[in-house]
Amino acid sequence: MTSKATQTESVLKYQQLRVVIVGHVDHGKSTLIGRLLYDTDSLPAGKAEEIEKVSARRGAESIEWSFVLDAFQAERDQAVTIDTTQIWFSTALRDYVIIDAPGHREFLKNMVSGAAAADAAILVVDAAEGVQEQTRRHAYLLHLLGLRQVAVVINKMDSQGYDAERFNEVAKDVVAYLQSIGMTPQHIVPLSARHGDMMAGRGDHMDWYQGKTLVEILDSFEVAAPPVARALRFAVQDVYRQNKERIVVGRVETGILRKGDTLFFSPSGEKAGVKSIEVWPPQENKVEARAGEAIGITLDEKIFVERGHIASHEKNQPMLSNVLQANIFWLGQTPLAVGNSYKIRYATHEAMVTVQSIDRVIDTQDLAQDEDGAAVERNAVAEVTLRARHMLPIDPYIDYFRPGRPVLHDRTYILRGRRGELDS
Ligand code: GTP
Ligand code: MG
């Protein structure tokens, strides 16, 4: 028999925490990741020596840990991170996926898609430069995307002689900005990505800091539990015919779907019972499917079902509305304007919406608000009201994480935002 503690440990071991690294250009995100891999013994054999040689050859003053990431992507020539890169590493506790987001303004879109998939974030701030434009913007986006587990790293402490006063100064600025947007960082850690102080070990220079190291902070974050306890949402992906059966395929986004349940389909309003749950490889007597599972179901009645429909229980249905408020982050080349139409997509649902009004435009730098904006420029954050041609099944963002975070498309990918808390 295994003890309770060992069981918990082995469960944790299989959890994978997704962490996005964000921050202003050159503040040391890639260096931090390279060093993190080194300090947690996650680098392949010989890699550290190779990096040391390359660094020396290129005349770097010390080991350039950001070169580690070159193995994963072609950033050597440009020497900037051009796309998000995913890197795997593990601590004694569990496995991690690190998402390296670029700090350049032009690459905000990549940062947003990286952050949208993360459980936690590390905001890297250069101790010499302090809070900069992308520091503010990235922080605002983390907030907009609903990321609650955020650690702030005040990096390059070596360049400031590991000075506690400088740390306090920069930390105060960061906290002031974060609080102004309603965010509270769980941890603020002084660190040197180059030399490794406060990364896995504490180093010899910052005895004045009593908090956790970065690795201890990461290990203290929690993997989001699959939303099993929420009301059922089954997003229909497709309907297949197999022999004489019709199989409705999709993903259980939240809640639990059971054989024998009566399902209510939105927006059609039709109902049918679940005759069987089909999975691959086949499982006999599959009686329930939980949040996160991709399944097929057969129904006991021939109702009209198609891609985009959302199945729920009758008691706890999504709202139907053709008007929705959204907090958006606009990434389009051309401004979003009143009267323009866009395709909105969330879960498997797609629909055309028209911008009815732009209610607020927020400048992420100084948080100034423009109440009668006629257009939303690229990289701006706004509250807008959208009108759809047909009724859409919608849920508040807070309750239904994935389906609640819609994407608007122009011809190119345009927007990721969060829908307003419609019924709160
Ligand atoms: P982008 O991907 O372009 O946004 O940059 P980045 O944030 O990934 O920065 P990167 O890791 O490439 O580091 C930028 C520069 O800062 C490099 O020259 C690093 O050597 C230097 N640097 C990073 N961390 C430290 C540190 O802890 N101390 C010192 N002194 N320099 C550092
Ligand atoms: Mg980088």
Side-chain angles (χ1 to χ4, degrees), residues 19-39 43 48 51-52 54-87 98-115 121-139 141-142 151-163 166-167 170-171 174 188-206 209 213-215 379:
V19 186
V20 67
I21 317 286
V22 301
H24 195 73
V25 61
D26 272 355
H27 280 196
K29 300 175 289 297
S30 300
T31 306
L32 182 141
I33 295 166
R35 181 75 201 206
L36 193 56
L37 293 182
Y38 175 67
D39 281 0
L43 285 181
I51 300 294
E52 197 171 351
V54 177
S55 305
R57 198 163 64 230
R58 295 218 238 141
E61 51 187 283
S62 60
I63 298 185
E64 256 306 340
W65 292 106
S66 66
F67 291 168
V68 169
L69 300 190
D70 293 355
F72 303 98
Q73 61 172 61
E75 78 166 14
R76 190 172 273 143
D77 296 334
Q78 249 178 299
V80 293
T81 308
I82 43 176
D83 202 341
T84 52
T85 312
Q86 301 204 353
I87 301 119
I98 290 274
I99 306 157
D100 183 21
H104 265 283
R105 204 194 151 103
E106 303 91 272
F107 301 119
L108 265 175
K109 197 179 89 189
N110 309 51
M111 181 266 156
V112 174
S113 44
I122 298 176
L123 177 63
V124 180
V125 184
D126 185 325
E129 289 194 11
V131 174
Q132 297 291 316
E133 183 188 343
Q134 301 307 319
T135 316
R136 294 197 190 90
R137 187 164 275 136
H138 285 181
L141 290 174
L142 295 178
V152 176
V153 162
I154 310 296
N155 187 33
K156 309 195 191 181
M157 283 303 296
D158 58 294
S159 76
Q160 303 301 301
Y162 298 100
D163 182 31
R166 179 62 192 155
F167 168 75
V170 179
V174 181
I188 305 190
V189 51
L191 183 139
S192 168
R194 178 172 287 176
H195 302 293
D197 306 75
M198 292 305 161
M199 186 74 83
R202 303 191 70 85
D204 300 325
H205 303 100
M206 294 188 281
Y209 170 75
T213 63
L214 184 61
V215 167
N379 294 337

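When a ligand or atom number is given, it counts from 1 through the structure's own listing order. All heavy atoms count here, side chains included; hydrogens, waters and symmetry mates do not.
Heavy-atom proximity to Ser192, at under 4.0 Å, picks out these atoms of ligand 1: 27 (O). Atom numbering of ligand 1 starts at 1 in the shown order; those under 4.0 Å from a heavy atom of Gly28 are 6 (P), 7 (O), 9 (O), 10 (P), 11 (O), 13 (O), 23 (C).
Side-chain contact between Asp126 and Val170: absent, with no pair of heavy atoms (C-beta onward) separated by less than 4.5 Å. Between Tyr209 and Met157 the shortest side-chain heavy-atom distance does not fall below 4.5 Å.
For atom 14 (C) of ligand 1, the nearest non-hydrogen atom from the set Leu32, Ile21, Asp26 comes from Asp26. Considering Gln134, Lys156, His24 only, the shortest heavy-atom separation from atom 26 (C) of ligand 1 involves Lys156. For atom 30 (N) of ligand 1, the choice among Val68, Val22, Asp158 with the nearest heavy atom turns out to be Asp158.
At a 4.0 Å heavy-atom cut-off, ligand 1 touches Glu64 through the side chain alone.
Tested against Ser192 for a side chain to side chain donor-acceptor pair (under 3.5 Å), the candidates Asn155, Asp158, Thr31 yield a single pass: Asp158.
Lys156 places no side-chain N or O within donor-acceptor distance of the main-chain N or O of Ala128, the cut-off being under 3.5 Å. Panel note: side chain Arg35, backbone His195; a donor-acceptor pair is recorded below 3.5 Å. Counting only distance, with no hydrogens or angles, the side chain of His24 and the backbone of Gln134 share a donor-acceptor pair below 3.5 Å.
For ligand 1, the polar-atom distance check against Ser30 finds a nitrogen or oxygen pair separated by under 3.5 Å. Of the N or O atoms in Ala193, one or more lie within a sub-3.5 Å distance of an N or O in ligand 1. Checked by distance only, ligand 1 and His195 stay at 3.5 Å or farther apart across all their nitrogen or oxygen atoms.
For the Mg ion (ligand 2), the set of nearby N, O or S atoms under 2.8 Å includes none belonging to Ser66.
Within 6.0 Å of CD on Gln132 lie more than 12 heavy atoms contributed by other residues, nucleotides or ligands.
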